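Worksheet for the structure shown next.
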Amino acid sequence: MKLVSLGSPALALELTLNSGQAFHWLREGHGWVGAIGETAVYLEQRAGELFVNLGAELAATNYLALDHPLGEIEASFPKDPVSQEALAFCRGMRILRQPKWEALATFITSSMKQVSHIAQISHTLRQRFGSAHVLNHKPVYSYPTPEALAALQEADLRKCALGYRAANLLATARKVASKEVDLDSIAVLPDPEAQMALRALPGVGEKVANCALLFGFERLKAFPVDVWIERVIRERYFTKRQKATPAAIRTFCATNFGPYGGYAQQYLFHHARLTWKKG
DNA sequence: CTCCAGGTTCCGG
DNA sequence: CCGGAACATGGA
């Protein structure tokens, strides 16, 4: 496998691939193997220099969002201790620019699941219904297309440990495959309209829509509120007196974290999930 | 065994 | 608008 250098961008590769944005990257040797869309990719960082397999340079550059102004983004974080702790913990993490369908579908399968479970589901779906691309003499599986999933029965997806999420993923896949819903059209809508369009899909509520917007639709202000973020906001930004209702949290997150709120959210999420102590 | 996980949907105050 | 309950599965 021939490797090509992509220079030494500001990037924490392992942190980025392992922070609960994408769920399919696997350790191999000194690097990582996975699919970016339909391209099989190997990524490795040595002394700050980023390497990728020959032919995957453009896919990797786009996916890793090396064009995001990370210095400006990290400088835009609020100066409060909570945000600054998360920044110190996650510096160099980037918000991946994932394929739209893949981001949407993956987070439909994520509800009430631990990160490790989401990864299991992603791998099972890829192996059974995705396409195999050979890299270094081994298969790398792409995420199944809407068409591939639309042709299945709910029972096929239940066998992938999807549980009640199977019906939602199938119904959404069929709406996209049939062109009843066009993700590329949603991609040009303003944030609120795009969010509402996504929320019309089965299994897509406010949180999943915001994940899709942030990770697949380049909306860097989208601020998904999951159980971890809710915990951080309630216990570290709100006082005991302030009631952390959904509306109060939504308003706070939309106004406190600036134009790159989605980045702040991802840093807060990862930091909380890995360092939170009970009690 | 019990508890909880990157929630959504529906239903009654 | 808010809080509760149902919904599947598997790791801690």
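Below, chains carry the letters A, B, ... as their sequence lines are ordered, and counting in each starts from 1. Please read these numbers as outputs of a predicted model, since none were measured by experiment.
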For nucleotides 9-13 of chain B, print each protein N/O atom paired with a nucleotide N/O atom at under 3.5 Å, atom names and distance only.
from	atom 1	to	atom 2	distance (Å)
B:dT9	OP1	A:Gly203	N	3.3

(request) Nearest whole angstrom, please: distance from the P of B:dG7 to the CG of A:Leu104. (result) 16 Å
(message) Test question: given the 4.5 Å side-chain rule for I, L, V, M, F, W and Y, name all other residues clustered with A:Met112, or answer none.
(response) A:Tyr164
(message) Would you say A:Gln120 places a side-chain N or O within less than 4.0 Å of OP1 or OP2 belonging to C:dT9?
(response) no
(message) Using the ring-ring contact (aromatic ring centres under 6.0 Å, His included) criterion, which residues pair with A:Tyr237? Sequence neighbours excluded.
(response) A:Phe252, A:Phe257
(message) Can you see if the side chain of A:Arg165 gets near the phosphate of C:dA8 - specifically, an N or O under 4.0 Å from OP1 or OP2?
(response) no
(request) Take the protein atom CD1 of A:Ile121 and the nucleotide atom P of C:dG11, then report the distance between them rounded to whole Å. (result) 11 Å
(message) Does A:Lys113 contact C:dT9 through a side-chain donor or acceptor facing the base, at a distance under 3.5 Å?
(response) yes
(request) Using whole Å, report how far NE2 of A:His117 lies from P of B:dG7. (result) 12 Å
(request) Without swapping roles, check the side chain of A:Ser122 against the backbone of A:Ile118 for a donor-acceptor pair under 3.5 Å. (result) no
(request) Between A:Arg231 and A:Val208, name the one whose nearest nucleotide on DNA chain B is closer to the 5' end. (result) A:Arg231
(message) Just the rounded figure in Å: distance from C1' of B:dT8 to CG of A:Asp226.
(response) 14 Å
(request) Starting at atom OH of A:Tyr164, determine the distance to atom P of B:dT8, rounded to an integer number of angstrom. (result) 9 Å
(message) Is there a salt bridge (charged side-chain N to carboxylate O under 4.0 Å, His left out) between A:Lys207 and A:Glu230? Walk through the geometry before answering.
(response) CA-CA 11 Å; A:Lys207 190 270 175 181; A:Glu230 196 269 347; over 6 Å; no
(request) Report the relative orientation of the aromatic rings in A:Trp228 and A:Trp276; use parallel for angles under 30°, tilted for 30 to 60°, perpendicular for over 60°. (result) perpendicular
(message) Please tell me whether A:Leu213 and A:Phe269 are part of a single hydrophobic cluster in this structure, the criterion being side-chain heavy atoms less than 4.5 Å apart.
(response) no
Name each donor-acceptor pair under 3.5 Å that joins a side chain in residues 53-70 of chain A to protein atoms two or more places apart or in another chain, with its distance.
from	atom 1	to	atom 2	distance (Å)
A:Asn53	OD1	A:Tyr42	N	2.9
A:Asn53	ND2	A:Ala40	O	3.2
A:Glu57	OE1	A:Gly55	N	2.8
A:Thr61	OG1	A:Glu57	O	2.8
A:Asn62	OD1	A:Arg97	NH1	3.1
A:Tyr63	OH	A:Trp25	NE1	3.1
A:Asp67	OD1	A:Arg97	NH1	3.1
A:Asp67	OD1	A:Arg97	NH2	3.4
A:Asp67	OD2	A:Arg97	NH2	2.8
A:His68	ND1	A:Tyr263	OH	2.8

(request) Provide, to the nearest angstrom, the distance between the CD atom belonging to A:Gln195 and the C1' atom belonging to B:dT8. (result) 14 Å
(request) Would you jot down, in residue-number order, the residues of residues 245-254 of chain A having a non-hydrogen atom under 4.0 Å from DNA chain C? (result) A:Thr245, A:Pro246, A:Ala247
(message) Once side chain to side chain donor-acceptor pair (under 3.5 Å) is applied, do any residues pair with A:Gln120, and if so which ones, sequence neighbours excluded?
(response) none
